[in-house]
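A, B, ... follow the sequence lines: proteins, then strands. Residue 1 opens every chain.
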2 protein chains.
Amino acid sequence: MIDKAQALEDSRPKRRLLPVDAEALGQAAECLRTLAHPVRIRMVQLLLHDRYTVGELAKDCGVLENVASEHLRLMQRCGFFTSEKVGRRVYYKVAEPHLERMLDCIENRFQPCAAS
Amino acid sequence: MIDKAQALEDSRPKRRLLPVDAEALGQAAECLRTLAHPVRIRMVQLLLHDRYTVGELAKDCGVLENVASEHLRLMQRCGFFTSEKVGRRVYYKVAEPHLERMLDCIENRFQPCAAS
DNA sequence: TGGACATATCGCAACATTCCGATATAATGT
DNA sequence: ACATTATATCGGAATGTTGCGATATGTCCA
């Protein structure tokens with residue numbers, strides 16, 4: 001007779017995986033949610049190549065400037081970007097070094113023939 | 001006098017970036033949203049190493065089985081997993097090959113000392 | 001100083017996500 | 001046939017996200 005405690009167990013033994021820090025999973029999920037928007041992905045893509053102002057990003061992404069500003073604020077709170085004020089403009093640029101590998105991953109999956 | 005059409009432009013010239021397929025951005029965002037949940041990240045992490053049943057995944061993730069089932073359905077719709085019925089159990093396993101690089105990225109950022 | 005410009009913030013409506021309990025389906029063992 | 005087990009689905013409450021118009025703040029220039 002099979003022990004009740006093992007009722008859900010697979011017949012095959014499995015490699016033990018770390019019980020994993022719930023904290024780290026939560027942070028990872030938050031970062032992914034922050035990236036998970038077409039406009040924000042595009043912004044990261046642009047900012048990985050150069051610095052841009054809010055207005056430039058808004059124009060490229062086809063959104064109003066206040067909307068662009070909110071997306072940028074979200075990503076800044078997550079540590080993705082830093083901003084620098086120059087006159088009445090604000091330049092954003094990438095601060096999180098892992099974003100490059102992340103975007104590589106995404107572009108590799110969704111834009112197989114991207115001649116940057 | 002500065003041309004109106006260039007009002008938002010940066011003083012420095014920028015590398016031309018592809019105007020980018022809005023379709024691809026939308027799909028990428030959808031995939032990221034699908035991954036952007038602590039339980040789902042953990043499930044991907046587990047399934048990258050072995051196959052698991054719904055009950056096993058639910059137990060490891062600390063959620064009810066119907067909740068686990070819903071997370072799995074989401075990811076299956078996105079093409080992340082396939083499932084295989086064996087008796088009254090359903091085994092899930094990874095179907096999307098890019099998930100491995102993606103998780104590498106995430107683990108590298110959030111679990112620097114992960115001895116898998 | 002006054003007006004145009006660039007960005008940020010606020011309140012709000014529309015919409016999406018998450019989780020739960022209840023119920024359904026289907027396979028198993030007695 | 002019947003109870004049990006494993007998974008899936010449904011309806012709904014709570015919560016989160018997005019985009020918009022209006023408004024605020026700060027900068028530039030005439």
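In the hydrophobic clustering of ILVMFWY residues, with side-chain heavy atoms under 4.5 Å counting as a link, L48(B) and Y92(B) come out together.
At least one side-chain nitrogen or oxygen of Y92(A) sits closer than 4.0 Å to the OP1 or OP2 atom of dA8(C).
Counting only distance, with no hydrogens or angles, the side chain of Q27(A) and the backbone of A24(A) share no donor-acceptor pair below 3.5 Å. In this structure a side-chain-to-backbone donor-acceptor pair under 3.5 Å is present from R40(B) to T34(B). Formation of a donor-acceptor pair under 3.5 Å by the E70(B) side chain with backbone atoms of V67(B) is not found in this model.
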What protein N or O atoms touch nucleotides 24-30 of chain D N or O atoms at under 3.5 angstrom, if any, and at what distances?
from: dT27(D); atom 1: O2; to: R88(A); atom 2: NH1; distance (Å): 3.3

Does V90(B) form a side chain to side chain contact (heavy atoms under 4.5 Å, CB included) with T53(B)? I'd like the steps, not just the answer.
CA-CA 5 Å; V90(B) 176; T53(B) 67; over 6 Å; no
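Between the C1' atom of dT7(D) and the CZ atom of F81(B) lies a distance of 16 Å, rounded to the nearest Å. In this structure, E84(A) atom CD and dA8(C) atom P are separated by 13 Å, rounded to whole Å. Atoms CD (E65(B)) and C1' (dT25(C)) sit 15 Å apart, rounded to a whole Å. Here the C1' atom of nucleotide dA8(D) and the CG atom of L57(B) are 15 Å apart, to the nearest Å. Rounded to whole angstrom, the span from the CD1 atom of I41(A) across to the P atom of dT18(D) amounts to 11 Å. The CZ atom of R73(A) sits 12 Å away from the P atom of dT17(D) (whole-angstrom rounding). With rounding to whole Å, K59(A) atom NZ is found 11 Å from dA6(C) atom P. Taking atom CD of residue Q76(B) and atom C1' of nucleotide dT9(D), one finds them 14 Å apart after rounding to whole Å.
For N66(B) against dG21(C), a side-chain-to-base donor-acceptor contact under 3.5 Å is present. A donor-acceptor contact under 3.5 Å is formed by the side chain of E70(A) with the base of dC10(C).
Partners of S83(B) under the side-chain hydrogen bond (donor to acceptor under 3.5 Å, both in side chains) rule, at least two apart in sequence or in another chain, are Q76(B).
If you check residues 33-40 of chain A against DNA chain D, the residues with a heavy atom closer than 4.0 Å are R33(A), H37(A), R40(A), listed by number.
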